[in-house]
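Owing to the predicted nature of the structure, the values given are computational and were not obtained by experimental measurement. We name chains A, B, ... by the order of the sequence lines, and we start the count at 1 in each one.
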Amino acid sequence: MWQIMLAILPEPASSFAGEWDSVYSIVSWITGIAFLLVEGALIYFIFKYRRHKGESDKETPFFTHSTKMEILWTAIPTVIVIFIFFIAAKNFVTIRTIPKDALEISVTGQKWQWTFVYPNGVKKTTAHYCEGDANLKTLHDCEAAGKKWSWGDPLVVPLNKNVRIKLTSIDVIHSFFIPEFRVKQDAVPGTYNFLWFKPIKTGTFRLFCTEYCGDLHSQMLGVVKVVPENEFNAWLAKEASGASEEGKELSVEELVEKGKGLVQKAGCTACHAFVPGKRIVGPALAGIFGKEVKLNNGQKVMVDEAYLMESIKDPTAKIVAGFPPAMPPQNLSDNEIKAIIEYIKSLK
Amino acid sequence: MSSETQETYLSKKGIWEWIVSVDHKRIGLLYIWSILIFFIIGGTFALLVRTELIAPGRTIVGPDTYNIFFTLHGAIMVFIFIVPGIVATFGNIIMPIQIGAADVAFPKLNRLSYQIYVVGVIVILIGLLHPIDTGWTFYTPYSIENDSAVITTVFGAFLLGFSSILTGLNFLVTIHKMRAPGMTWYRMPLFTWSIYATSIIQVIATPVIGITLLLLIAEKTLGVGFFNPKLGGDPVLFEHFFWFYSHPVVYIMILPAMGVVSEIIPVFSRKPIFGYKAIAWSSIGIAAVSFLVWGHHLFVSGQSAVVGIVFSFLTMLVAIPTAIKVFNWITTLWKGQIQLDPPMLYALAFVFLFAIGGLTGIFLASINLDVSLHDTYYVVAHFHYTMQGGTVIGLMAALMYWFPKITGKMYNQKMAKVAFWFTFIGFNLTFIPQFLLGLHGMPRRYYDYLPQFHIYHFLSTIGAYLLGTGYVWALINFVVAAFSKKAEKAPANPWGAETLEWKVPSPPPPLNFDEIPTVTDWPYNLGQKKETAA
């Protein structure tokens, strides 16, 4: 029975998940017994005392109160809920007391992806797209078509090390939830929230957004990858050298290739078609470079590098006539935006 | 039969008579029609949501339409259907008769409540031209940045709040000032006690949501920074304001249902209610604690750990008066002579389902467990067990119980029982898989889900279809009985109950009593010999 109750739960994979599971088990036992007693008495009485067909009215006991019973059934639940409160609060204090020596990773939520920034500046983002067919919008539809779905970069964390997540959002409220770690915290714009965990198992787990944030809320997932510490350090160092390469000059072809990958990863393809004339939420981005577009204030503007740069950094500055001001500001570096612009230029 | 020639509250015909009437029974009946229509609409949206979720990936609509579906399901069910749910309907029709009054204290104010309700509903319907996708909770800054009809819908909800405040105020005064001679507080039927407790919450909590919704409108139209961080506001402040009302409001929904069940169980057990005072005062206790637990919606919002722990403790306390009521109902059954007529079936189902809702509430009040379970399907299942398994089943019990009084006719009881089993089995099949989904970590308000969640969603959707069938069946059964010339006429007291509404003809005359009665005893001397009853 103990095992059955725990089997329902995601595998406990953080230092405090075990205690969480014990509290869950204890509460399950207590409420399980209460459930059997209460529902058992209810059903038993219904069967035992039900009126049979043709039975005449009978006199029933005039039993309207019993101080002894009433004190007892007030006192027992009181003691039980206070006990549960204490064991729950104890585990909660552990969950919310962040160790001083923790590795800090900055996590930013935005519609509809997570960005992770490591202390040495390495930046990773989640995504959600079907490799090879941007029109397939869900994991199921993508896999059904025999293609591979991507959740973008994983959140890589070291085994048995304390990790502190510094959490914020650049648009609406999101919530950072890793079921296996038994942690959840809201990412609130305008402020920082913190959470921590110490992974105790290697493997991949799931990161969910659990605060409703709009159209692609259910796609705002990520993969959490726990690796041994030495592997983590090696990975981080390698990524850091890769990040410094970002500054180096790329050829136009390389930039186009990089931009093509970025528009999927950064989620652009959720709202923009990269074929001419097709409307999703925002305007199609193919074949527009060098042309004039009409804005919603009646002005006209030439689509050039400066306009595209501005539109990605501050999307509501100029709105193309007939489209909603729906795009959130993007969490991209200038180099990344330049690559995206080169990609847009390449689309005729 | 002399009652056939007697004038009843239904005698005057014509739409105009219904518009101008200040009779509490007519107003209550208008509320019943209104909420049931929106129950069907809100339920349709629920079935659309469940249909989309029957399989992963796109099933019938895209994510934007899905988000509108679940928002409208929640907003219609909460604001239009379940808040007025039992209070404005049976509170209006039955409560004044139960205390031996000819009407509520302020009949014209009562009519105004209904008129404001209708205007609020119309405003919300206008909002459907550009339907909102914010969720019924309107969380900021999502609702601020949103260009759908948030302002219209929020204004509609604001108006509905006013209707609710006026109804609560009217009932408080009615219960204080209009009781018949001899109707002391401890002779009052428990349904009236529950309406009293509910009215307190309506009057105290509802103005807060009114102010909050106005602040939201001011922020959206005038750009005043209350909640938007870009203007220096705090989005979490909105959550605090919102739940300061919206948590007490769940007790506005559930307390009257508890009152209904406290009437039905003794009548159909042919035995006095056990623990009358405990049931009456636990309603007041729940109303009082209800104001101090809103923070349990914010355990992971960034609220400090200490505040979270205090709210966890206060939330645990709600379990105590709730448990006491359940024990009292079950003890009332003991050694009774239990008759499983449709009202009793629904009342017993209420106790069964509400107990599950209450016990799973203990998991959510346990603060560490809530960190993981918050905003998952576990919460969805939990509040449907309390709000639907509790309030809606309680409303069905009330309809089954008072239908003959209100219409003067009897519905087909066999049909009602068949409908009951569809509802009961369908309900559990819908929501038990959702507890499991939540424990697995499936977040709520998701358009799409991972393949491992499929089987639970599939079962839940099948359950929802059964559940919908049960409700539609029961409601059709009522409509047929209400309008059919062939339906059996109901006597004044078909169930053998002792409360005052059963001492007047079915349907009652316009002013309820020929002569205001004098009350000499409580109404629960059921299954007693006449001597002991005296």
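At a 4.5 Å heavy-atom cutoff, the contact between Val93(A) and chain B is made by side-chain atoms alone. For Glu70(A), the part sitting under 4.5 Å from any heavy atom of chain B is the side chain, from C-beta outward, and nothing else. Interface remark: Asn193(A) contributes side-chain atoms only to the contact with chain B (heavy atom separation under 4.5 Å). Only the side chain of Val326(B) comes within less than 4.5 Å of a heavy atom in chain A; its backbone stays farther off. Only the backbone of Ser56(A) comes within contact range of chain B, judged by heavy atoms closer than 4.5 Å. Only the side chain of Phe177(A) comes within contact range of chain B, judged by heavy atoms closer than 4.5 Å. With a 4.5 angstrom heavy-atom cutoff, Cys213(A) touches chain B only via backbone atoms. Contacts between Thr376(B) and chain A at a heavy-atom distance below 4.5 Å involve the side chain alone, from C-beta outward. Contact annotation for Leu340(B): only side-chain heavy atoms (C-beta onward) come within less than 4.5 Å of a heavy atom of chain A. Heavy atoms of Val188(A) lying under 4.5 Å from chain B belong exclusively to its side chain. Looking at Glu145(B), the atoms closer than 4.5 Å to chain A (heavy atoms on both sides) all sit in the side chain, from C-beta outward. Only the side chain of Leu216(A) comes within less than 4.5 Å of a heavy atom of chain B; its backbone N, CA, C and O stay farther away. With a threshold of 4.5 angstrom between heavy atoms, His374(B) approaches chain A through its backbone and through its side chain. For Thr65(B), no part sits under 4.5 Å from any heavy atom of chain A, backbone or side chain. If you measure heavy-atom distances from Phe299(B) to chain A, the contacts under 4.5 Å come from the backbone alone. Proximity to chain B is absent for every atom of Ile80(A), based on heavy atoms less than 4.5 angstrom apart. With a threshold of 4.5 angstrom between heavy atoms, Phe70(B) approaches chain A through side-chain atoms but not through N, CA, C or O. Only the side chain of Gln219(A) comes within contact range of chain B, judged by heavy atoms closer than 4.5 Å. Lys111(A) touches chain B through its side chain: at least one heavy atom from C-beta onward sits under 4.5 Å away, while N, CA, C and O do not. Heavy-atom distances place both the backbone and the side chain of Ser66(A) under 4.5 Å from chain B. Contact of Leu167(A) with chain B is not made at all, since no heavy-atom distance falls under 4.5 Å.
Most heavy-atom pairs under 4.5 Å with chain A: of the set Thr360(B), Ile324(B), Leu526(B), this distinction falls to Ile324(B). Across Lys58(A), Arg182(A), Arg50(A), His65(A), the residue that shares the most heavy-atom pairs under 4.5 angstrom with chain B is Lys58(A). If you tally non-hydrogen atom pairs under 4.5 Å between each of Ala319(B), Ser312(B), Ala323(B) and chain A, the highest count goes to Ser312(B). Counting heavy-atom pairs closer than 4.5 Å to chain B, the top residue among Ile173(A), Ile95(A), Leu139(A) is Ile173(A). In terms of heavy-atom pairs under 4.5 angstrom with chain B, the leader among Cys142(A), Ala187(A), Pro324(A), Pro61(A) is Pro61(A). In terms of heavy-atom pairs under 4.5 Å with chain A, the best-connected choice from Pro272(B), Gly62(B), Pro451(B) is Pro272(B). Of the listed residues Pro325(A), Pro189(A), Ala89(A), the one with more heavy-atom pairs under 4.5 angstrom with chain B than any other is Pro189(A). Counting heavy-atom pairs under 4.5 Å between each of Phe176(A), Phe181(A), Phe63(A), Trp73(A) and chain B puts Trp73(A) at the top. The most heavy-atom pairs under 4.5 Å with chain B, out of Ile30(A), Asp171(A), Ile178(A), Leu42(A), come from Leu42(A). When each of Phe327(B), Phe268(B), Tyr276(B) is checked for heavy-atom pairs under 4.5 Å with chain A, Phe327(B) comes out on top. In terms of heavy-atom pairs under 4.5 angstrom with chain A, the leader among Thr315(B), Asp147(B), Leu348(B), Asp370(B) is Leu348(B). Put simply, of Leu369(B), Leu333(B), Asn328(B), Leu298(B), the one with the most heavy-atom pairs under 4.5 Å next to chain A is Leu369(B).
Across Phe138(B), Tyr139(B), Phe238(B), a single residue satisfies ring pair (Phe, Tyr, Trp, His ring centres under 6.0 Å) together with Phe227(B), and that is Phe238(B).
Between Leu221(A) and Tyr446(B) the shortest heavy-atom distance is CD1-OH, 3.6 Å. When every heavy atom of Ile338(B) is checked against every heavy atom of Met344(B), the shortest pair comes out as CG2-CE, 3.9 Å. The minimum heavy-atom distance between Tyr377(B) and Pro443(B), with the atom names listed, is CE1-O, 3.3 Å. Contact detail for Gly361(B) and His382(B): the closest heavy-atom pair is CA-CE1, 3.3 Å. Listed here is the closest heavy atom pair of Glu52(B) and Val61(B): OE1-N, 3.0 Å.
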Inset, instruction - Tell me, with the steps shown, if Trp329(B) and Phe350(B) meet ring-ring contact (aromatic ring centres under 6.0 Å, His included). - result: CA-CA 11 Å; Trp329(B) 293 324; Phe350(B) 171 97; 5.7 Å; yes

Inset, instruction - Just do the side chain to side chain donor-acceptor pair (under 3.5 Å) check on Asp215(A) and Tyr66(B) with the steps written out, would you? - result: CA-CA 9 Å; Asp215(A) 284 358; Tyr66(B) 171 84; over 6 Å; no

Inset, instruction - Report the C-alpha separation of Thr71(B) and Trp136(B) in whole Å, then their side-chain angles, then the decisive distance to 0.1 Å, and conclude whether the side-chain contact (heavy atoms from CB on, under 4.5 Å) test is met. - result: CA-CA 5 Å; Thr71(B) 298; Trp136(B) 75 275; 5.5 Å; no

Inset, instruction - Decide yes or no on side chain to side chain donor-acceptor pair (under 3.5 Å) for Tyr449(B) and His140(A), but give the supporting numbers first. - result: CA-CA 9 Å; Tyr449(B) 50 83; His140(A) 175 264; over 6 Å; no

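With no hydrogens or angles considered, no side-chain donor-acceptor pair links Thr134(B) and Ser143(B) at under 3.5 Å. No side-chain N or O of Tyr24(A) forms a donor-acceptor pair with one of Asn91(A) less than 3.5 Å apart. Side-chain atoms of Ser148(B) and His130(B) form no donor-acceptor pair, as typed in the model, at a separation below 3.5 Å. Using modelled atom types and a 3.5 Å distance limit, the side chains of Gln528(B) and Glu59(A) yield no donor-acceptor pair. With 3.5 Å as the limit, one finds a donor-acceptor pair spanning the side chains of Tyr212(A) and Asn67(B). For the residue pair Tyr142(B)/Asp133(B), the side-chain donor-acceptor check at 3.5 Å is satisfied.
Proximity to chain A at a heavy-atom threshold of 4.5 Å picks out Ser301(B), Gly302(B), Gln303(B), Ser304(B), Ala305(B) from residues 301-308 of chain B, in numerical order.
One finds a salt bridge joining Glu19(A) and Lys90(A) here, because a Lys/Arg side-chain nitrogen approaches an Asp/Glu carboxylate oxygen to under 4.0 Å.
Here the CZ atom belonging to Phe197(A) is positioned 11.0 Å from the CD1 atom belonging to Ile98(A), to the nearest 0.5 angstrom.
Judged by the 6.0 Å and 45° rule, Lys166(A) forms no cation-pi pair with Phe194(A).
Arg58(B) pairs by the salt bridge (charged side-chain N to carboxylate O under 4.0 Å, His left out) definition with nothing, not counting sequence neighbours.
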